[in-house]
Amino acid sequence: MSLRIYNVLTRQKEAFVPVAPGKVNIYVCGPTVYDYSHIGHAKTYVSFDVVVRYLRFAGNDVLYVQNITDVGHMLDTGEDRILKKARQASALPMQVVETYARAYFADMDALGVRRPDISPRASGHIPEQIAMIEKLLADGHAYVVDGSVYFDVASFPEYGKLSGRVIEDLEEGARVVVREEKRHPADFALWKRAEPEHILRWPSPWGEGFPGWHIECSAMAAKYLGETFDIHGGGIDNIFPHNECEIAQSEAAHGAPFARYWMLTGSLTLEGVKMSKSLGNTLTIKDALARWRPEAIRAFILSSHYSSPVDFSDEAIEAAYKGWQRIWGAVNLTRDQMRRAAPFEASAAVTDMLTAARAQFIERMDDDFNTPAALAVLQDVTRQVNTLLNEGGPQTLATLETIDAFYRDLGGEVLGIVPERAESAADAAREDGLVRLLIDLRAEARAKKDWGTGDTIRNRLKELGVVLEDRADGTTWKLG
RNA sequence: GGCGACGUAGCCAAGUGGUAAGGCAGGGGUCUGCAAAACCCCCAUCACCGGUUCAAAUCCGGUCGUCGCCUCCA
(Lines give C-alpha, C1' and ligand atoms only; values in the text may rest on other atoms or scores of the structure.)
Protein backbone atom coordinates (compact mmCIF):
# COMPACT_ATOMS: atom_id res chain seq x y z
CA MET A 1 0.00 0.00 0.00
CA SER A 2 1.81 3.04 -1.25
CA LEU A 3 1.30 6.23 -3.14
CA ARG A 4 0.46 6.13 -6.82
CA ILE A 5 0.40 9.21 -9.00
CA TYR A 6 -1.01 9.78 -12.46
CA ASN A 7 2.01 10.98 -14.39
CA VAL A 8 1.03 13.23 -17.28
CA LEU A 9 4.41 12.53 -18.84
CA THR A 10 3.61 8.85 -19.29
CA ARG A 11 -0.17 9.13 -19.22
CA GLN A 12 -0.24 6.42 -16.62
CA LYS A 13 -0.79 5.97 -12.94
CA GLU A 14 2.57 4.97 -11.50
CA ALA A 15 3.98 4.00 -8.14
CA PHE A 16 5.60 7.08 -6.69
CA VAL A 17 9.30 6.55 -6.06
CA PRO A 18 11.19 9.70 -5.08
CA VAL A 19 14.80 10.24 -6.16
CA ALA A 20 15.87 9.98 -2.54
CA PRO A 21 13.76 7.82 -0.20
CA GLY A 22 11.69 9.86 2.22
CA LYS A 23 12.63 13.11 0.53
CA VAL A 24 10.30 14.79 -1.96
CA ASN A 25 11.24 17.79 -4.06
CA ILE A 26 8.30 19.48 -5.70
CA TYR A 27 7.99 22.51 -7.95
CA VAL A 28 4.69 24.16 -8.83
CA CYS A 29 4.26 26.96 -11.36
CA GLY A 30 3.13 30.00 -9.41
CA PRO A 31 1.17 33.05 -10.46
CA THR A 32 2.17 36.04 -12.52
CA VAL A 33 1.54 38.86 -10.10
CA TYR A 34 -0.10 41.56 -12.15
CA ASP A 35 -3.64 41.27 -10.79
CA TYR A 36 -5.69 39.77 -7.96
CA SER A 37 -5.86 36.00 -7.81
CA HIS A 38 -9.09 34.34 -8.82
CA ILE A 39 -10.92 31.21 -7.83
CA GLY A 40 -9.10 29.25 -10.55
CA HIS A 41 -5.81 29.92 -8.80
CA ALA A 42 -7.46 28.73 -5.62
CA LYS A 43 -8.25 25.38 -7.19
CA THR A 44 -4.70 24.82 -8.34
CA TYR A 45 -2.98 25.91 -5.17
CA VAL A 46 -5.42 24.32 -2.75
CA SER A 47 -4.96 21.09 -4.70
CA PHE A 48 -1.19 21.19 -4.37
CA ASP A 49 -1.48 22.34 -0.79
CA VAL A 50 -3.23 19.07 -0.03
CA VAL A 51 -0.71 17.12 -2.08
CA VAL A 52 2.13 18.58 -0.01
CA ARG A 53 0.22 18.21 3.25
CA TYR A 54 -0.43 14.57 2.49
CA LEU A 55 3.15 13.86 1.44
CA ARG A 56 4.29 15.30 4.76
CA PHE A 57 1.59 13.45 6.67
CA ALA A 58 2.92 10.27 5.08
CA GLY A 59 6.28 11.01 6.63
CA ASN A 60 8.18 12.57 3.76
CA ASP A 61 10.59 15.44 4.09
CA VAL A 62 9.12 17.77 1.46
CA LEU A 63 10.78 20.77 -0.15
CA TYR A 64 8.10 22.79 -1.92
CA VAL A 65 9.14 25.51 -4.35
CA GLN A 66 6.65 27.74 -6.10
CA ASN A 67 7.80 30.66 -8.18
CA ILE A 68 6.43 34.17 -8.40
CA THR A 69 6.56 35.45 -11.96
CA ASP A 70 7.30 39.14 -11.95
CA VAL A 71 8.89 39.62 -15.33
CA GLY A 72 8.91 38.16 -18.79
CA HIS A 73 5.31 37.11 -19.11
CA MET A 74 4.14 38.69 -22.32
CA LEU A 75 0.76 39.51 -23.75
CA ASP A 76 -0.23 38.79 -27.34
CA THR A 77 0.77 42.29 -28.17
CA GLY A 78 4.30 41.62 -27.03
CA GLU A 79 3.77 43.85 -24.04
CA ASP A 80 4.89 42.74 -20.60
CA ARG A 81 1.92 42.15 -18.30
CA ILE A 82 3.56 43.84 -15.38
CA LEU A 83 4.56 46.88 -17.40
CA LYS A 84 1.08 47.27 -18.80
CA LYS A 85 -0.42 47.26 -15.34
CA ALA A 86 2.22 49.68 -14.10
CA ARG A 87 1.43 52.10 -16.88
CA GLN A 88 -2.29 51.89 -16.16
CA ALA A 89 -1.74 52.46 -12.47
CA SER A 90 0.99 55.03 -12.92
CA ALA A 91 3.19 52.96 -10.68
CA LEU A 92 6.61 51.43 -10.79
CA PRO A 93 6.68 47.85 -12.07
CA MET A 94 8.01 46.61 -8.76
CA GLN A 95 5.21 48.38 -6.93
CA VAL A 96 2.73 46.42 -8.98
CA VAL A 97 4.61 43.22 -8.32
CA GLU A 98 4.76 43.89 -4.60
CA THR A 99 1.09 44.78 -4.37
CA TYR A 100 -0.17 41.65 -6.06
CA ALA A 101 2.40 39.32 -4.58
CA ARG A 102 1.27 40.40 -1.11
CA ALA A 103 -2.37 40.04 -2.13
CA TYR A 104 -1.65 36.56 -3.43
CA PHE A 105 -0.12 35.44 -0.15
CA ALA A 106 -2.91 37.06 1.81
CA ASP A 107 -5.50 35.19 -0.28
CA MET A 108 -3.68 31.90 0.10
CA ASP A 109 -3.25 32.40 3.83
CA ALA A 110 -6.96 33.07 4.13
CA LEU A 111 -7.70 29.84 2.28
CA GLY A 112 -5.53 27.90 4.67
CA VAL A 113 -2.96 27.18 1.97
CA ARG A 114 0.38 26.66 3.64
CA ARG A 115 3.14 28.69 2.12
CA PRO A 116 5.73 27.04 -0.10
CA ASP A 117 9.14 26.62 1.51
CA ILE A 118 10.65 28.86 -1.14
CA SER A 119 8.83 31.45 -3.30
CA PRO A 120 11.56 32.57 -5.68
CA ARG A 121 10.98 35.51 -7.98
CA ALA A 122 12.04 35.58 -11.59
CA SER A 123 13.51 39.07 -11.28
CA GLY A 124 15.70 37.91 -8.43
CA HIS A 125 17.26 35.15 -10.48
CA ILE A 126 18.49 36.91 -13.60
CA PRO A 127 22.10 35.67 -13.23
CA GLU A 128 20.94 32.06 -12.94
CA GLN A 129 18.80 32.45 -16.05
CA ILE A 130 21.61 34.06 -18.02
CA ALA A 131 23.97 31.28 -16.99
CA MET A 132 21.53 28.67 -18.19
CA ILE A 133 21.05 30.44 -21.50
CA GLU A 134 24.80 30.60 -21.98
CA LYS A 135 25.00 26.89 -21.40
CA LEU A 136 22.31 26.29 -24.00
CA LEU A 137 24.14 28.50 -26.48
CA ALA A 138 27.42 26.72 -25.84
CA ASP A 139 25.80 23.36 -26.45
CA GLY A 140 24.13 24.45 -29.67
CA HIS A 141 20.58 24.43 -28.37
CA ALA A 142 20.05 28.15 -28.84
CA TYR A 143 21.01 30.98 -31.13
CA VAL A 144 21.32 34.75 -30.89
CA VAL A 145 19.50 37.12 -33.19
CA ASP A 146 19.99 40.82 -32.76
CA GLY A 147 20.16 40.85 -28.98
CA SER A 148 17.57 38.13 -28.43
CA VAL A 149 18.22 34.46 -27.77
CA TYR A 150 15.95 31.67 -28.97
CA PHE A 151 15.78 28.03 -28.10
CA ASP A 152 16.33 25.85 -31.14
CA VAL A 153 13.50 23.38 -30.97
CA ALA A 154 14.97 21.26 -33.74
CA SER A 155 17.95 20.54 -31.50
CA PHE A 156 15.75 18.77 -28.95
CA PRO A 157 14.00 15.83 -30.62
CA GLU A 158 11.88 15.09 -27.59
CA TYR A 159 10.15 18.47 -27.76
CA GLY A 160 6.43 17.79 -27.44
CA LYS A 161 6.67 14.69 -25.26
CA LEU A 162 4.62 16.14 -22.43
CA SER A 163 1.80 17.76 -24.37
CA GLY A 164 1.77 15.34 -27.29
CA ARG A 165 2.52 18.05 -29.79
CA VAL A 166 4.42 17.29 -32.94
CA ILE A 167 6.71 19.97 -34.25
CA GLU A 168 5.62 19.46 -37.83
CA ASP A 169 2.00 20.07 -36.85
CA LEU A 170 2.98 23.16 -34.95
CA GLU A 171 4.59 24.51 -38.04
CA GLU A 172 1.43 24.06 -40.06
CA GLY A 173 -0.82 25.46 -37.40
CA ALA A 174 1.43 28.28 -36.38
CA ARG A 175 -0.15 31.66 -36.34
CA VAL A 176 1.53 34.71 -37.73
CA VAL A 177 4.66 35.08 -35.67
CA VAL A 178 5.32 38.40 -34.07
CA ARG A 179 9.00 38.28 -34.68
CA GLU A 180 10.08 36.63 -37.86
CA GLU A 181 13.62 36.32 -36.66
CA LYS A 182 13.08 32.83 -35.36
CA ARG A 183 14.39 29.92 -37.41
CA HIS A 184 11.43 27.78 -36.66
CA PRO A 185 7.93 28.93 -35.64
CA ALA A 186 8.08 26.74 -32.54
CA ASP A 187 11.34 28.22 -31.33
CA PHE A 188 10.79 30.29 -28.22
CA ALA A 189 12.56 33.18 -26.57
CA LEU A 190 15.06 32.59 -23.79
CA TRP A 191 16.11 36.22 -23.69
CA LYS A 192 14.66 39.25 -25.41
CA ARG A 193 16.33 42.50 -26.24
CA ALA A 194 14.64 45.43 -24.54
CA GLU A 195 13.19 48.16 -26.70
CA PRO A 196 13.88 51.65 -25.38
CA GLU A 197 10.48 51.99 -23.68
CA HIS A 198 10.83 48.66 -21.92
CA ILE A 199 11.90 49.64 -18.41
CA LEU A 200 12.16 46.15 -16.91
CA ARG A 201 15.65 45.42 -18.22
CA TRP A 202 18.94 43.90 -17.26
CA PRO A 203 22.38 43.84 -18.82
CA SER A 204 23.37 40.56 -20.43
CA PRO A 205 26.04 39.16 -22.74
CA TRP A 206 23.62 39.95 -25.59
CA GLY A 207 22.85 43.52 -24.57
CA GLU A 208 20.11 45.05 -22.43
CA GLY A 209 17.08 42.83 -22.21
CA PHE A 210 14.90 40.59 -20.11
CA PRO A 211 14.31 36.83 -19.74
CA GLY A 212 11.65 34.86 -21.57
CA TRP A 213 8.78 33.49 -19.54
CA HIS A 214 9.76 29.83 -19.51
CA ILE A 215 13.40 30.05 -18.49
CA GLU A 216 12.69 31.25 -14.96
CA CYS A 217 11.06 28.00 -13.91
CA SER A 218 13.88 25.92 -15.36
CA ALA A 219 16.57 28.00 -13.72
CA MET A 220 14.91 28.28 -10.31
CA ALA A 221 13.81 24.66 -10.14
CA ALA A 222 17.38 23.56 -10.86
CA LYS A 223 18.80 25.96 -8.32
CA TYR A 224 16.63 24.87 -5.43
CA LEU A 225 15.64 21.32 -6.29
CA GLY A 226 18.42 20.04 -8.48
CA GLU A 227 18.57 19.11 -12.15
CA THR A 228 16.30 16.13 -11.63
CA PHE A 229 13.57 16.34 -9.02
CA ASP A 230 10.41 14.48 -8.13
CA ILE A 231 7.23 16.34 -8.92
CA HIS A 232 6.37 19.26 -11.16
CA GLY A 233 2.89 20.65 -10.81
CA GLY A 234 0.76 23.34 -12.36
CA GLY A 235 -2.47 24.04 -14.18
CA ILE A 236 -3.23 21.99 -17.28
CA ASP A 237 -3.58 25.18 -19.28
CA ASN A 238 0.16 25.66 -19.07
CA ILE A 239 1.03 22.29 -20.48
CA PHE A 240 1.78 23.96 -23.77
CA PRO A 241 3.85 25.84 -24.46
CA HIS A 242 5.12 26.67 -20.97
CA ASN A 243 5.70 23.25 -19.41
CA GLU A 244 6.91 21.80 -22.68
CA CYS A 245 9.49 24.55 -22.99
CA GLU A 246 10.63 24.08 -19.42
CA ILE A 247 11.41 20.45 -20.14
CA ALA A 248 13.22 21.24 -23.38
CA GLN A 249 15.42 23.92 -21.81
CA SER A 250 16.21 21.99 -18.68
CA GLU A 251 16.95 18.64 -20.25
CA ALA A 252 18.93 20.20 -23.09
CA ALA A 253 20.99 22.25 -20.66
CA HIS A 254 21.58 19.60 -18.04
CA GLY A 255 21.56 16.44 -20.07
CA ALA A 256 19.47 14.94 -17.30
CA PRO A 257 15.76 14.25 -16.84
CA PHE A 258 13.79 17.22 -15.49
CA ALA A 259 10.81 16.40 -13.28
CA ARG A 260 10.03 12.70 -12.92
CA TYR A 261 6.32 13.09 -12.25
CA TRP A 262 4.08 15.69 -13.80
CA MET A 263 0.83 16.53 -12.04
CA LEU A 264 -1.48 19.00 -13.75
CA THR A 265 -4.72 20.31 -12.34
CA GLY A 266 -7.92 20.62 -14.35
CA SER A 267 -9.21 24.07 -15.17
CA LEU A 268 -12.05 25.76 -13.38
CA THR A 269 -14.96 27.29 -15.21
CA LEU A 270 -17.34 29.84 -13.77
CA GLU A 271 -21.01 29.16 -14.41
CA GLY A 272 -20.02 26.99 -17.34
CA VAL A 273 -17.61 29.42 -18.94
CA LYS A 274 -13.89 29.40 -18.64
CA MET A 275 -12.60 32.32 -16.64
CA SER A 276 -10.20 34.43 -18.56
CA LYS A 277 -8.84 37.86 -18.30
CA SER A 278 -9.92 38.66 -21.80
CA LEU A 279 -13.54 37.69 -21.12
CA GLY A 280 -13.54 39.51 -17.83
CA ASN A 281 -15.62 36.85 -16.09
CA THR A 282 -13.37 36.38 -13.12
CA LEU A 283 -14.28 35.76 -9.52
CA THR A 284 -11.46 36.87 -7.27
CA ILE A 285 -10.58 34.90 -4.18
CA LYS A 286 -11.20 38.05 -2.20
CA ASP A 287 -14.79 38.23 -3.46
CA ALA A 288 -15.35 34.53 -2.95
CA LEU A 289 -14.13 34.78 0.64
CA ALA A 290 -16.59 37.57 1.25
CA ARG A 291 -19.41 35.15 0.47
CA TRP A 292 -18.18 31.78 1.69
CA ARG A 293 -15.93 30.70 4.48
CA PRO A 294 -12.57 29.27 3.44
CA GLU A 295 -13.42 25.73 4.49
CA ALA A 296 -16.41 25.80 2.15
CA ILE A 297 -14.20 26.81 -0.74
CA ARG A 298 -11.66 24.13 0.10
CA ALA A 299 -14.38 21.53 0.52
CA PHE A 300 -15.77 22.47 -2.88
CA ILE A 301 -12.37 22.20 -4.54
CA LEU A 302 -11.58 18.91 -2.85
CA SER A 303 -14.94 17.41 -3.73
CA SER A 304 -13.67 16.66 -7.22
CA HIS A 305 -10.37 15.15 -8.30
CA TYR A 306 -7.53 17.63 -8.78
CA SER A 307 -7.10 16.65 -12.40
CA SER A 308 -10.77 17.09 -13.31
CA PRO A 309 -12.17 20.26 -14.73
CA VAL A 310 -14.79 21.72 -12.42
CA ASP A 311 -17.49 24.30 -12.73
CA PHE A 312 -17.91 26.83 -9.97
CA SER A 313 -21.51 27.73 -9.28
CA ASP A 314 -23.43 28.93 -6.27
CA GLU A 315 -25.35 25.69 -6.16
CA ALA A 316 -22.21 23.56 -6.22
CA ILE A 317 -20.34 25.41 -3.53
CA GLU A 318 -23.45 25.63 -1.39
CA ALA A 319 -23.79 21.85 -1.52
CA ALA A 320 -20.13 21.46 -0.56
CA TYR A 321 -20.61 23.89 2.30
CA LYS A 322 -23.63 22.02 3.66
CA GLY A 323 -21.73 18.79 3.51
CA TRP A 324 -18.82 20.36 5.32
CA GLN A 325 -21.15 21.69 8.01
CA ARG A 326 -22.21 18.18 8.84
CA ILE A 327 -18.60 17.18 9.50
CA TRP A 328 -17.90 20.36 11.41
CA GLY A 329 -20.98 19.78 13.55
CA ALA A 330 -19.71 16.39 14.62
CA VAL A 331 -16.28 17.83 15.42
CA ASN A 332 -17.84 20.48 17.62
CA LEU A 333 -20.10 18.01 19.32
CA THR A 334 -17.07 15.90 20.11
CA ARG A 335 -15.06 18.79 21.48
CA ASP A 336 -18.04 20.04 23.43
CA GLN A 337 -18.50 16.72 25.18
CA MET A 338 -14.80 16.47 25.93
CA ARG A 339 -15.23 19.23 28.48
CA ARG A 340 -17.37 17.14 30.77
CA ALA A 341 -16.36 13.61 29.94
CA ALA A 342 -15.04 11.15 32.47
CA PRO A 343 -11.43 10.12 31.97
CA PHE A 344 -11.88 6.41 31.40
CA GLU A 345 -10.29 4.35 28.69
CA ALA A 346 -11.39 4.48 25.08
CA SER A 347 -14.07 2.29 23.62
CA ALA A 348 -12.49 -0.53 21.64
CA ALA A 349 -15.34 -0.51 19.15
CA VAL A 350 -14.90 3.17 18.40
CA THR A 351 -11.14 2.90 18.21
CA ASP A 352 -11.40 -0.02 15.81
CA MET A 353 -13.89 1.83 13.66
CA LEU A 354 -11.63 4.87 13.45
CA THR A 355 -8.55 2.79 12.77
CA ALA A 356 -10.29 1.14 9.85
CA ALA A 357 -11.53 4.49 8.56
CA ARG A 358 -8.08 5.98 8.81
CA ALA A 359 -6.64 3.12 6.78
CA GLN A 360 -9.33 3.59 4.18
CA PHE A 361 -8.67 7.32 4.01
CA ILE A 362 -4.97 6.67 3.45
CA GLU A 363 -5.72 4.06 0.83
CA ARG A 364 -7.80 6.55 -1.10
CA MET A 365 -5.33 9.38 -0.80
CA ASP A 366 -2.60 6.99 -1.89
CA ASP A 367 -4.59 6.48 -5.07
CA ASP A 368 -3.47 9.66 -6.81
CA PHE A 369 -4.78 11.93 -4.05
CA ASN A 370 -8.41 10.94 -4.45
CA THR A 371 -9.82 13.64 -2.20
CA PRO A 372 -13.50 13.10 -3.12
CA ALA A 373 -13.24 9.49 -2.00
CA ALA A 374 -11.29 10.51 1.10
CA LEU A 375 -13.97 13.05 1.93
CA ALA A 376 -16.55 10.28 1.71
CA VAL A 377 -14.66 8.44 4.48
CA LEU A 378 -15.02 11.49 6.71
CA GLN A 379 -18.72 11.59 5.94
CA ASP A 380 -19.16 7.94 6.79
CA VAL A 381 -17.31 8.38 10.06
CA THR A 382 -19.36 11.47 10.78
CA ARG A 383 -22.60 9.53 10.58
CA GLN A 384 -21.28 7.01 13.07
CA VAL A 385 -19.92 9.68 15.37
CA ASN A 386 -23.22 11.50 15.35
CA THR A 387 -25.09 8.35 16.16
CA LEU A 388 -22.69 7.54 18.97
CA LEU A 389 -22.74 11.00 20.50
CA ASN A 390 -26.47 11.50 20.14
CA GLU A 391 -27.76 8.10 21.10
CA GLY A 392 -24.89 6.12 22.56
CA GLY A 393 -24.88 7.73 25.98
CA PRO A 394 -21.92 9.55 27.56
CA GLN A 395 -18.55 8.69 26.06
CA THR A 396 -15.26 8.58 27.89
CA LEU A 397 -12.72 11.33 27.44
CA ALA A 398 -10.32 8.89 25.81
CA THR A 399 -12.94 7.90 23.24
CA LEU A 400 -13.72 11.51 22.46
CA GLU A 401 -10.03 12.33 22.18
CA THR A 402 -9.59 9.51 19.71
CA ILE A 403 -12.41 10.87 17.60
CA ASP A 404 -11.03 14.38 17.83
CA ALA A 405 -7.58 13.15 16.78
CA PHE A 406 -9.10 11.48 13.74
CA TYR A 407 -10.68 14.72 12.57
CA ARG A 408 -7.66 16.76 13.55
CA ASP A 409 -5.25 14.62 11.56
CA LEU A 410 -7.23 13.80 8.45
CA GLY A 411 -9.68 16.67 8.24
CA GLY A 412 -7.36 19.28 9.69
CA GLU A 413 -3.75 18.39 8.99
CA VAL A 414 -4.28 16.73 5.60
CA LEU A 415 -7.33 18.33 4.01
CA GLY A 416 -7.29 21.60 5.90
CA ILE A 417 -11.04 21.77 6.36
CA VAL A 418 -11.29 21.20 10.11
CA PRO A 419 -9.99 24.25 11.95
CA GLU A 420 -8.95 24.52 15.55
CA ARG A 421 -11.57 25.76 17.96
CA ALA A 422 -10.72 29.43 18.01
CA GLU A 423 -8.10 31.99 17.20
CA SER A 424 -7.34 33.07 20.71
CA ALA A 425 -7.80 30.74 23.62
CA ALA A 426 -8.46 33.60 26.04
CA ASP A 427 -11.08 35.21 23.81
CA ALA A 428 -12.66 31.86 23.18
CA ALA A 429 -12.89 31.10 26.87
CA ARG A 430 -14.54 34.44 27.59
CA GLU A 431 -16.94 34.08 24.68
CA ASP A 432 -17.85 30.60 25.74
CA GLY A 433 -18.40 31.78 29.30
CA LEU A 434 -20.73 34.54 28.18
CA VAL A 435 -22.79 32.31 25.98
CA ARG A 436 -22.96 29.68 28.73
CA LEU A 437 -24.26 32.31 31.13
CA LEU A 438 -27.09 33.09 28.76
CA ILE A 439 -27.76 29.43 28.18
CA ASP A 440 -28.06 28.91 31.94
CA LEU A 441 -30.45 31.83 32.34
CA ARG A 442 -32.50 30.50 29.47
CA ALA A 443 -32.55 27.06 31.07
CA GLU A 444 -33.97 28.56 34.25
CA ALA A 445 -36.72 30.28 32.29
CA ARG A 446 -37.52 27.15 30.36
CA ALA A 447 -37.66 25.13 33.56
CA LYS A 448 -40.53 27.43 34.55
CA LYS A 449 -42.08 26.89 31.10
CA ASP A 450 -41.34 30.52 30.34
CA TRP A 451 -40.96 29.82 26.64
CA GLY A 452 -41.15 33.48 25.73
CA THR A 453 -37.98 34.41 27.59
CA GLY A 454 -36.26 31.30 26.37
CA ASP A 455 -37.07 32.03 22.76
CA THR A 456 -36.06 35.66 23.10
CA ILE A 457 -32.60 34.71 24.30
CA ARG A 458 -32.26 32.21 21.52
CA ASN A 459 -33.43 34.67 18.89
CA ARG A 460 -31.23 37.50 20.10
CA LEU A 461 -28.20 35.23 20.09
CA LYS A 462 -29.13 34.05 16.61
CA GLU A 463 -29.03 37.65 15.43
CA LEU A 464 -25.49 37.81 16.75
CA GLY A 465 -24.59 34.68 14.86
CA VAL A 466 -24.76 32.30 17.80
CA VAL A 467 -26.98 29.29 17.19
CA LEU A 468 -28.32 27.31 20.15
CA GLU A 469 -29.28 23.68 19.93
CA ASP A 470 -31.28 21.99 22.68
CA ARG A 471 -30.23 18.43 23.28
CA ALA A 472 -31.33 15.85 25.77
CA ASP A 473 -28.15 16.39 27.75
CA GLY A 474 -28.23 20.16 27.64
CA THR A 475 -27.87 23.05 25.25
CA THR A 476 -24.92 23.51 22.90
CA TRP A 477 -23.96 26.49 20.84
CA LYS A 478 -22.08 27.16 17.66
CA LEU A 479 -21.40 30.02 15.35
CA GLY A 480 -23.91 30.19 12.52
C1' G B 1 -8.27 21.47 -38.89
C1' G B 2 -4.70 18.97 -35.10
C1' C B 3 -4.04 17.04 -30.02
C1' G B 4 -6.43 15.68 -25.49
C1' A B 5 -10.24 15.00 -21.80
C1' C B 6 -15.03 13.96 -20.59
C1' G B 7 -20.45 12.35 -20.81
C1' U B 8 -22.73 8.15 -13.81
C1' A B 9 -29.69 10.05 -10.14
C1' G B 10 -32.70 17.06 -10.00
C1' C B 11 -27.34 19.01 -8.79
C1' C B 12 -21.99 17.91 -7.34
C1' A B 13 -19.10 13.48 -7.55
C1' A B 14 -16.20 8.44 -6.56
C1' G B 15 -15.95 3.87 -8.89
C1' U B 16 -11.62 0.90 -14.92
C1' G B 17 -14.29 -6.54 -15.60
C1' G B 18 -18.18 -9.30 -10.96
C1' U B 19 -23.19 -6.81 -10.55
C1' A B 20 -23.59 1.43 -8.84
C1' A B 21 -19.33 5.23 -2.55
C1' G B 22 -20.33 9.95 -0.49
C1' G B 23 -22.51 14.90 -0.28
C1' C B 24 -26.56 18.47 -1.63
C1' A B 25 -31.67 18.87 -2.86
C1' G B 26 -36.49 16.16 -2.50
C1' G B 27 -40.22 12.63 -0.07
C1' G B 28 -41.52 9.72 4.43
C1' G B 29 -40.37 8.79 9.70
C1' U B 30 -37.94 9.18 14.89
C1' C B 31 -36.59 12.76 18.60
C1' U B 32 -38.44 17.68 20.36
C1' G B 33 -42.50 22.92 24.22
C1' C B 34 -41.09 25.15 19.58
C1' A B 35 -36.76 25.57 16.60
C1' A B 36 -32.27 23.59 15.09
C1' A B 37 -29.24 19.52 14.73
C1' A B 38 -28.91 14.43 14.37
C1' C B 39 -30.45 9.56 13.08
C1' C B 40 -33.54 5.89 10.07
C1' C B 41 -36.12 4.72 5.31
C1' C B 42 -37.02 5.99 -0.03
C1' C B 43 -34.82 8.15 -4.60
C1' A B 44 -29.82 5.84 -10.94
C1' U B 45 -28.16 0.30 -14.25
C1' C B 46 -24.02 4.45 -15.64
C1' A B 47 -25.21 9.53 -23.39
C1' C B 48 -26.62 6.15 -27.56
C1' C B 49 -25.63 1.79 -30.93
C1' G B 50 -22.89 -2.60 -31.83
C1' G B 51 -19.05 -6.11 -30.24
C1' U B 52 -15.68 -9.14 -26.77
C1' U B 53 -16.74 -12.01 -22.11
C1' C B 54 -19.80 -16.76 -17.89
C1' A B 55 -19.94 -11.49 -16.38
C1' A B 56 -19.01 -4.40 -18.58
C1' A B 57 -20.52 1.90 -16.04
C1' U B 58 -15.73 -0.39 -16.40
C1' C B 59 -12.45 -3.56 -22.55
C1' C B 60 -12.98 -2.73 -28.28
C1' G B 61 -15.46 -0.13 -32.56
C1' G B 62 -18.89 3.55 -34.05
C1' U B 63 -22.52 7.71 -33.29
C1' C B 64 -24.08 12.07 -30.79
C1' G B 65 -22.86 15.81 -27.27
C1' U B 66 -19.76 18.89 -23.89
C1' C B 67 -15.15 20.96 -22.69
C1' G B 68 -9.88 22.11 -22.73
C1' C B 69 -5.33 23.08 -25.41
C1' C B 70 -3.16 24.48 -30.14
C1' U B 71 -2.74 32.19 -28.83
C1' C B 72 -2.26 35.27 -22.69
C1' C B 73 -4.04 32.33 -18.68
C1' A B 74 -3.52 28.31 -12.46
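Every chain is numbered from 1, with letters handed out A, B, ... down the list of sequences.
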Name the atoms and distances for all side-chain donor-acceptor pairs under 3.5 Å in residues 454-467 of chain A, with sequence neighbours left out.
{"residue": "T456(A)", "atom": "OG1", "partner": "G452(A)", "partner atom": "O", "Å": "2.8"}
{"residue": "N459(A)", "atom": "ND2", "partner": "D455(A)", "partner atom": "O", "Å": "3.1"}

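- Between the side chain of S148(A) and the main chain of R193(A), a donor-acceptor pair closer than 3.5 Å is present.
- The pairing partner recorded for rG17(B) is none, the criterion being a Watson-Crick or G-U wobble arrangement whose two distances lie under 3.5 angstrom.
- The side chain to side chain donor-acceptor pair (under 3.5 Å) contacts involving residues 42-51 of chain A comprise T44(A)-T265(A), D49(A)-R53(A), D49(A)-R298(A), where partners must be two or more places apart or lie in separate chains.
- Spacing between atom OH of Y306(A) and atom C1' of rA5(B) amounts to 14 Å, rounded to whole angstrom units.
- Atom C1' of rC67(B) sits at a distance of 39 Å from the matching atom of rG28(B), rounded to the whole Å.
- As rounded to the nearest Å, rA57(B) and rC64(B) have P atoms that lie 24 Å from one another.
- Atoms CG (D237(A)) and P (rG4(B)) sit 19 Å apart, rounded to a whole Å.
- Taking atom CD1 of residue I327(A) and atom C1' of nucleotide rA37(B), one finds them 15 Å apart after rounding to whole Å.
- Under the salt bridge (Lys or Arg N to Asp or Glu O under 4.0 Å) criterion, the residue pairs touching residues 368-384 of chain A are D380(A)-R383(A), with sequence neighbours excluded.
- With sequence neighbours excluded, the residues forming a side-chain hydrogen bond (donor to acceptor under 3.5 Å, both in side chains) with W191(A) are S204(A), listed by chain and number.
- The interatomic distance linking K462(A) (NZ) with rA37(B) (C1') rounds to 12 Å, in whole Å.
- Between the CE atom of M275(A) and the P atom of rA74(B) there is a distance of 11 Å, given to the nearest Å.
- Between the OH atom of Y321(A) and the C1' atom of rC11(B) there is a distance of 19 Å, given to the nearest Å.
- If you measure from atom CZ of F240(A) to atom C1' of rG2(B), you get 12 Å, rounded to the nearest angstrom.
- For Q129(A), the side-chain hydrogen bond (donor to acceptor under 3.5 Å, both in side chains) test picks out no residue, with sequence neighbours left out.
- At least one donor-acceptor pair closer than 3.5 Å links the side chain of T371(A) to the backbone N or O of L302(A).
- Judged by closest nucleotide on RNA chain B, N390(A) is the one of N390(A) and I39(A) placed further toward the 5' end.
- Pair check for rU30(B) finds rA38(B); Watson-Crick or G-U wobble, both atom distances under 3.5 Å.
- Using modelled atom types, no side-chain atom of D367(A) and backbone atom of N370(A) make a donor-acceptor pair closer than 3.5 Å.
- The gap from the C1' atom of rC40(B) to that of rU63(B) amounts to 45 Å, rounded to the nearest Å.
- Note on G40(A): a base of the nucleic acid sits closer than 4.0 angstrom, heavy atoms only.
- When the P atom is compared between rC60(B) and rC6(B), the two are found 12 Å apart, to the nearest whole Å.
- rG68(B) and rU53(B) have their P atoms separated by 40 Å, with the value rounded to a whole Å.
- With sequence neighbours left out, R408(A) forms a salt bridge (charged side-chain N to carboxylate O under 4.0 Å, His left out) with D404(A), E420(A).
- Using C1' as the reference atom, rG17(B) and rU32(B) are 50 Å apart when rounded to the nearest Å.
- Remark: rC64(B) base-pairs with rG7(B); criterion is Watson-Crick or G-U wobble with both hydrogen-bond distances under 3.5 Å.
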> What string of B, S and - do you get for nucleotides 30-36 of chain B, 5' to 3', when a contact is any protein heavy atom under 4.0 Å?
Replying inline: ---BBBB
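- The side-chain tip of R201(A) does not point at the ring of F210(A) from less than 6.0 angstrom away and within 45° of straight on.
- Within the shown strands, nothing qualifies as a pairing partner of rA25(B) under the Watson-Crick or G-U definition with both distances less than 3.5 Å.
- Spacing of P atoms, rU16(B) relative to rU30(B), comes out at 40 Å, to the nearest Å.
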> Reading nucleotides 12-24 of chain B from the 5' end, what letters show protein touch, with B for base, S for backbone sugar-phosphate only, - for no heavy atom under 4.0 Å?
Replying inline: -SSS-----BSSS
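- For residues 304-332 of chain A, the set of pairs meeting the salt bridge (Lys or Arg N to Asp or Glu O under 4.0 Å) definition, not counting sequence neighbours, comprises R291(A)-D314(A).
- Using Watson-Crick or G-U wobble geometry with both donor-acceptor distances under 3.5 Å, rC59(B) finds its partner in rG51(B).
- The interatomic distance linking R11(A) (CZ) with rC6(B) (P) rounds to 10 Å, in whole Å.
- Residue contacts shown for L389(A) are absent, as no nucleic acid heavy atom lies under 4.0 Å away.
- Here the separation of rC49(B) from rG65(B), taken at their C1' atoms, is 15 Å to the nearest Å.
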